[in-house]
Asker: 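Dumping the structure here so I can ask a few things about it.
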There are 2 protein chains.
Amino acid sequence: MKKDVTTEEKIKEAAREVFMAKGFAGCSSREISKAAGMNVALVNYYFRSKSQLFQIIFQAAMEDFVTSMMTVFSSDQSIENKMRIFIEREFEFLSKHPELPVFIITEMNREEGCSIDHSCFFEKIASSGIFNECAQAQAEGKMRKINILSLTLLIMSNCQYPIMARNLMQGIHGLSDEEYSANLILHKQNVTDMLVTYLFPTQTNNKI
Amino acid sequence: MKKDVTTEEKIKEAAREVFMAKGFAGCSSREISKAAGMNVALVNYYFRSKSQLFQIIFQAAMEDFVTSMMTVFSSDQSIENKMRIFIEREFEFLSKHPELPVFIITEMNREEGCSIDHSCFFEKIASSGIFNECAQAQAEGKMRKINILSLTLLIMSNCQYPIMARNLMQGIHGLSDEEYSANLILHKQNVTDMLVTYLFPTQTNNKI
DNA sequence: AACTATTTTAAACACTTGTTTAAAACACAT
DNA sequence: ATGTGTTTTAAACAAGTGTTTAAAATAGTT
């Protein structure tokens, strides 16, 4: 047979789109199969059930998520520069995949949802050596002493929330898509300034 | 008839719990009616449909959300103190209603979802005079000059995300409920320090 | 007690859900 | 062309969905 895009991948692609947009509970098997342009039964022929298909999609989404971090952490830069580049990349990445954070958070909260071990993601990030690098910088007084969770939260909060809450913010502030996108660029700069100033309090950074 | 808790309220209470925990798509009418301890038909007898019931619950949730802000903004405090108190209160409020932010954001993203006018919430907040107060403080050089959206985002991001992403963060960092709660208190302090230092850059605040 | 209006229920409606079955279409070797 | 294994489909399955209907239970009035 041989095709440029195999059926299995067509399903995965469609499932990813539909799951991300509507969540596990918000869509049906038929909706996915229709998006993939085929019969319902095929979805269960390749993946045993809707749940199993979902697990695969979710796992891949988490993978993407972490991978996007790794490229920066593993780079040959000062820790402050890594921070700047990471924020830059995170805004760029999330602008391309805006549903990803809400998707992951929502499905993590689902009771029957993904029962995979998530600590592997932590280990993957840890293997980049970024945490050791932080500890060293903190010991040398180059970096503010906060624990890893707080550090993670500070970065994730300020990068992800502005993307996640887009519709809410546009609704509240009455902004068009273009206006919000423009403001997002300004906000990214504010976030970078704030985080770098807070985390790396040097004489230069403390200037107003 | 007269009862201590009217049927209508029993439904609303049950609906709020179930909707918040599972979302609109994630639950059924029967599930709500069962949680309220009554027949399915009663839900549609008091509220015409599942959608209409949802709209009411969602509207009330947004109301709660905004009201929790107003009490602080309207208080008689310096703007820097308002900020500190607001963060304190927001962490406290969200710890009691952890599903609220994800619920609002998720349902704002739903296509068929709540088509209400959200600008009224902005006006409600604006009526507290907080925005004018900010503008004045900025004009006097007491506060960093950033636009309202960016200000909103900075605060909301750092207050809401740590609650929203609780399960994700616990999973990644391998933390128990108690551990995370404890860390949340530390993080709240970090967030307060960071935001106040960034937004009100005075000589005292700039100290490490 | 008998009538009326409201509140609650069981049952049914038509439709969608996830999943399975059995037959059809297809590819490919001989 | 025939046979074989894989891929795809239409059809059906039982269970669950939102909603409606008509009857039962209840409350309130006379």
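Below, chains carry the letters A, B, ... as their sequence lines are ordered, and counting in each starts from 1. Hydrogens, waters and symmetry mates play no part in the numbers below; they use all other heavy atoms, side chains included. Small disclaimer: the values here were computed from a predicted structure and weren't measured.
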Asker: What is the distance, rounded to the nearest whole Å, between atom CZ of Phe47(A) and atom P of dT20(C)?
Answerer: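 Value for this atom pair: 15 Å.
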Asker: Looking for any heavy atom pair under 4.0 Å, which part of the strands does Ser49(B) touch: base, sugar-phosphate only, or nothing?
Answerer: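 Sugar-phosphate: the residue Ser49(B), judged by heavy atoms under 4.0 Å, touches backbone atoms but no base.
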Asker: When the distance from CG of Asn44(A) to P of dA12(D) is rounded to whole Å, what number comes out?
Answerer: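 The answer, rounded to whole Å, is 19 Å.
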Asker: Listed in order of residue number, which residues of residues 13-20 of chain A have a non-hydrogen atom at under 4.0 Å from DNA chain C?
Answerer: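 Residues of residues 13-20 of chain A under 4.0 Å from DNA chain C: none.
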Asker: Of Gly37(A) and Ser51(B), whose closest DNA chain D nucleotide lies nearer the 5' terminus?
Answerer: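 Residue closer to the 5' terminus by nearest nucleotide: Gly37(A).
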Asker: Centres of the Phe122(B) and Phe131(B) rings: under 6.0 Å?
Answerer: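 Under 6.0 Å, so yes.
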Asker: Salt-bridge test for Lys142(B) and Glu80(B): reply yes if a basic N is under 4.0 Å from a carboxylate O, no otherwise.
Answerer: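 So Lys142(B) does not pair with Glu80(B) through a salt bridge.
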Asker: What integer distance in Å separates Glu31(A):CD from dT17(C):P?
Answerer: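 Interatomic distance, CD of Glu31(A) to P of dT17(C): 8 Å.
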Asker: How many Å lie between CZ on Phe54(B) and P on dT19(D), as a whole number?
Answerer: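 Interatomic distance, CZ of Phe54(B) to P of dT19(D): 14 Å.
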Asker: Hey, are Glu179(B) and Asn183(B) close enough side-chain-wise for a donor-acceptor pair under 3.5 Å?
Answerer: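 Checked: Asn183(B)/Glu179(B) side chains show no N/O donor-acceptor pair below 3.5 Å.
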Asker: Go through dT8(C), dT19(C), dT8(D) for me and flag the one nearest to the Thr7(A) side chain.
Answerer: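 For the Thr7(A) side chain, the nearest candidate turns out to be dT8(D).
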Asker: Select from Ala41(B) and Met38(A) the residue whose nearest nucleotide in DNA chain D is closer to the 5' end of that strand.
Answerer: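 With Ala41(B) and Met38(A) compared, the 5'-side residue is Met38(A).
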Asker: Rounded to the nearest Å, what distance is computed from the OH atom of residue Tyr45(A) to the P atom of nucleotide dA23(C)?
Answerer: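 That distance rounds to 17 Å.
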Asker: Nearest-Å distance, CG (Leu42(B)) to P (dT26(D))?
Answerer: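 One finds 14 Å between P of dT26(D) and CG of Leu42(B), rounded.
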Asker: With a cut-off of less than 4.0 Å, is there a side-chain N or O of Asn39(B) near OP1 or OP2 of dT8(C)?
Answerer: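 Answer no for this pair, as no side-chain N or O of Asn39(B) is under 4.0 Å from OP1 or OP2.
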Asker: Rounded to whole Å, how long is the line connecting atom CZ of Arg30(A) with atom P of dA10(D)?
Answerer: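 It is 12 Å, rounded to the nearest whole Å.
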Asker: Distance-only check: which donor-acceptor pairs under 3.5 Å involve side-chain atoms of residues 29-37 of chain A, not counting sequence neighbours?
Answerer:
{"unit_1": "Glu31(A)", "atom_1": "OE2", "unit_2": "Lys22(A)", "atom_2": "NZ", "d": "2.9"}
{"unit_1": "Ser33(A)", "atom_1": "OG", "unit_2": "Arg30(A)", "atom_2": "O", "d": "2.9"}

Asker: Quickly work out the Tyr46(B) OH to dG18(D) C1' distance and round it to whole Å.
Answerer: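 Interatomic distance, OH of Tyr46(B) to C1' of dG18(D): 20 Å.
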Asker: Between Asp64(B) and Arg16(B), does any NZ, NE, NH1 or NH2 come within less than 4.0 Å of an OD or OE carboxylate oxygen?
Answerer: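 Yes, this pair counts.
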Asker: Using the side-chain hydrogen bond (donor to acceptor under 3.5 Å, both in side chains) definition, which of the options Glu90(B), Glu88(B), Glu92(B) pairs with Lys188(B)?
Answerer: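 Among the candidates, only Glu88(B) passes.
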Asker: Taking the side chain of Ser28(A) as its heavy atoms from C-beta onward, which of dT8(C), dG18(C), dT19(D) lies nearest to it?
Answerer: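 Minimum distance to the Ser28(A) side chain belongs to dG18(C).
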Asker: Aromatic rings Phe19(A) and Phe54(A): how do their planes relate, parallel, tilted or perpendicular, breaks at 30° and 60°?
Answerer: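 The rings of Phe19(A) and Phe54(A) stand perpendicular, inter-plane angle above 60°.
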